[in-house]
Amino acid sequence: MPELPEVESVRRGLARAGLEAAVAKVERSSFALRTGAHWAKRLERVRRLQGCRPASVDRRGKYLLWEFLRPGEGSWTLLVHLGMSGRCTVHPAETPKAAHTHLRLRFEDGRVFDFVDPRRFGGLRCDTRSALETSAPLAELGPEPWSPEFSAEALHARLHRSRRALRDALLDQRVVAGIGNIYASEICARAGIDPRVACSRLRPSAWARVHGETRRCLRDAISRGGTTLRDYRNIEGGRGRNQRALWVYGRSGQPCARCESPVSSEILQGRALFWCPSCQARPRGRWVV
DNA sequence: AGGGATCCCTGTACGC
DNA sequence: TGCGTACAGGGATCCC
């Protein structure tokens, strides 16, 4: 389940790979990836990358933006979303295609880039940078966790009337970009707040903790190369190391990393939710401070 | 308009 | 052993 730290790890891996040679050939599977207006119609356009040279790799939320310089002038940008099971890999030489390879870029230096996604929840799109940034899904994303627009005050202002559970607000990419189910549970755990509590009950001091722990949790996960519970792999095919540092996610019944009480879990909005009933007790009063 | 429900998709885990 | 089934979940879409 690639979230911001995993996508950032892929971004850094791609940048480190130092691909500079032009794309000799674009190979596409006949499967549709993510369907819908934003994706399927535009998959054909990856052929545009033929003859282009890879340049900078950026990230916005859970999306990768990989720029390719055109032979004449200008550039195309490849937008990549890993969905649930998407993997990006760079192979040093000829490598057989893995099952469910949806895109292979063959570079003139002999290396290949593969996008593999068995569950096909991921998506690809190729367009100009400005076309991508001014349309869905990028245009709808909320602030990056490290941007000045993401603040405790902004969280409070946006959510103080919302009756949604805190966990569900953190999953909303319009509130802040990049958080998925794993880090939503972990952020609530580190902030010491019951993830089921309605946003409207959080006072500014509680939002300050949510804000601070969001940044810390994601930053620490990036420094550990992301979380591999099942599918996630980095550009070299290796696993992340953050799974060992999780406090609550996937640890139902096991001792909380902080107080050793057994971790609780339930399904909320169709998604697994984990918390420590002792460190994240439901407030008895009206407010979470 | 906010937010809940449903669907997409396949590998894995588990029960009988 | 083998088969069937439940489950995992990000985001688009529909709907109230």
Side-chain angles (χ1 to χ4, degrees), chain A residues 1-8 10 29-43 59-64 79-88 97-103 115-125 132 135-142 145 155-188 195-201 218 221 226-233 237 239-240 243 246 248-253 265-274:
Chain A
M1 311 134 213
E3 307 178 25
L4 186 150
E6 291 74 42
V7 179
E8 177 62 20
V10 170
S29 80
S30 54
F31 287 102
L33 286 166
R34 173 162 294 287
T35 53
H38 306 140
W39 301 101
K41 251 191 323 195
R42 314 191 188 233
L43 195 56
R59 179 192 55 72
R60 181 80 174 87
K62 303 177 193 175
Y63 295 85
L64 278 177
L79 182 70
V80 181
H81 192 282
L82 300 175
M84 289 281 300
S85 56
R87 286 183 198 176
C88 293
K97 271 187 195 165
H100 309 289
T101 299
H102 300 292
L103 176 69
F115 177 77
V116 180
D117 184 11
R119 273 177 264 181
R120 282 190 262 155
F121 275 31
L124 295 169
R125 202 175 137 184
L132 292 171
S135 63
L138 290 191
E140 263 101 62
L141 290 180
L155 282 171
H156 180 257
R158 168 153 190 161
L159 297 167
H160 76 282
R161 281 185 227 274
S162 171
R163 293 160 80 176
R164 263 195 303 183
L166 174 59
R167 196 283 307 257
D168 295 333
L170 290 173
L171 286 179
D172 187 339
Q173 302 301 299
R174 296 168 300 183
V175 171
V176 54
I179 298 173
N181 209 31
I182 295 174
Y183 296 109
S185 275
E186 291 297 310
I187 289 162
C188 293
R196 302 167 299 175
V197 108
C199 290
S200 57
R201 297 176 66 191
L218 297 175
T227 303
T228 300
L229 289 180
R230 262 168 93 167
D231 296 310
Y232 169 68
R233 295 291 185 280
R239 295 161 190 267
Q243 56 277 14
L246 297 177
V248 293
Y249 191 88
R251 303 188 63 247
S252 187
S265 70
E266 69 176 46
I267 303 294
L268 178 67
Q269 296 282 106
R271 253 143 230 179
L273 175 63
F274 300 87

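Everything numeric here is computed off the predicted structure, so don't read it as measured data. Sequence lines set the chain letters: A, B, ... in the order given, protein chains first and strands last, and positions in each chain run from 1.
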Next item on the list: Treating a pair as Watson-Crick (purine N1 to pyrimidine N3 plus N6-O4 or O6-N4) or G-U wobble (N1-O2 and O6-N3) with both distances under 3.5 Å, list the stems of 3 or more consecutive pairs that involve DNA chain B.
Entry: B:2-16 with C:2-16
Between [atom2] on [N] and [atom1] on [X], what's the gap in Å once rounded to a whole number?
{"X": "A:Asp117", "N": "B:dG11", "atom1": "CG", "atom2": "P", "answer": "11 Å"}
{"X": "A:Arg87", "N": "B:dC9", "atom1": "CZ", "atom2": "P", "answer": "20 Å"}
{"X": "A:Leu268", "N": "B:dG4", "atom1": "CG", "atom2": "C1'", "answer": "11 Å"}
{"X": "A:Glu3", "N": "C:dG9", "atom1": "CD", "atom2": "P", "answer": "10 Å"}
{"X": "A:Asp231", "N": "B:dA13", "atom1": "CG", "atom2": "P", "answer": "11 Å"}
{"X": "A:Leu170", "N": "C:dG10", "atom1": "CG", "atom2": "C1'", "answer": "15 Å"}
{"X": "A:Leu229", "N": "C:dG10", "atom1": "CG", "atom2": "P", "answer": "12 Å"}
{"X": "A:Tyr232", "N": "C:dG10", "atom1": "OH", "atom2": "C1'", "answer": "17 Å"}

Notebook entry, point to check: Only one of A:Val10, A:Thr228, A:Val116 clears side-chain contact (heavy atoms from CB on, under 4.5 Å) with A:Arg233; which?
Noted result: A:Thr228
Checklist line | Salt-bridge contact A:Glu6-A:Lys62 (side-chain N to carboxylate O under 4.0 Å) | finding: no
Checklist line | Contact list for residues 165-187 of chain A, test ring-ring contact (aromatic ring centres under 6.0 Å, His included), sequence neighbours left out | finding: none
Notebook entry, point to check: Is it true that the side chains of A:Arg239 and A:Thr227 contain a donor and an acceptor less than 3.5 Å apart?
Noted result: no
Notebook entry, point to check: Judged by modelled atom types alone, do A:Asp117 and A:Ser85 share a side-chain donor-acceptor pair under 3.5 Å?
Noted result: yes
Next item on the list: Check the angle between the aromatic planes of A:His102 and A:His100 and answer parallel, tilted or perpendicular using the 30° and 60° thresholds.
Entry: tilted
Could you tell me whether the phosphate oxygens of [N], OP1 or OP2, come under 4.0 Å of any side-chain nitrogen or oxygen in [X]?
{"X": "A:Arg230", "N": "B:dT12", "result": "no"}
{"X": "A:Tyr249", "N": "C:dA8", "result": "no"}
{"X": "A:His100", "N": "B:dG11", "result": "yes"}
{"X": "A:Gln173", "N": "C:dG10", "result": "no"}

Minimum-distance nucleotide (side-chain atoms of [X] versus [options]):
{"X": "A:Asn181", "options": "C:dA12, B:dT10, C:dG10", "value": "C:dG10"}
{"X": "A:His81", "options": "C:dA8, C:dG11, B:dG11", "value": "C:dG11"}
{"X": "A:Pro118", "options": "C:dG10, B:dT10, C:dA12", "value": "B:dT10"}
{"X": "A:Met84", "options": "C:dG9, C:dA8, B:dT10", "value": "C:dG9"}

Checklist line | Pairs flagged by salt bridge (Lys or Arg N to Asp or Glu O under 4.0 Å) wherever residues 177-186 of chain A is involved - sequence neighbours left out | finding: A:Glu186-A:Arg190
Note to self: Please list all pairs meeting salt bridge (Lys or Arg N to Asp or Glu O under 4.0 Å) that have one or both residues in residues 159-171 of chain A, counting only residues at least two apart or in different chains.
What the structure shows: A:Arg164-A:Asp172
Margin query: Walk me through whether A:Arg251 and A:Ser185 qualify under side-chain hydrogen bond (donor to acceptor under 3.5 Å, both in side chains).
Written below: CA-CA 11 Å; A:Arg251 303 188 63 247; A:Ser185 275; over 6 Å; no
Notebook entry, point to check: For A:Phe121 and C:dG10, are the ring centres under 5.5 Å apart with planes inclined under 30°?
Noted result: yes
Grab the N/O contacts between the protein and nucleotides 1-3 of chain B below 3.5 Å, and write none if there aren't any.
residue, atom, partner, partner atom, Å
B:dG3, OP1, A:Ser162, OG, 2.8
B:dG3, OP2, A:Arg164, NE, 3.4

Next item on the list: Look at the side chain of A:Arg271 against the base of C:dG11 and say whether a donor-acceptor pair falls under 3.5 Å; ignore hydrogens and angles.
Entry: yes
Note to self: Suppose we screen for ring pair (Phe, Tyr, Trp, His ring centres under 6.0 Å). Which residues come up paired with A:Tyr232, at least two apart in sequence or across chains?
What the structure shows: none
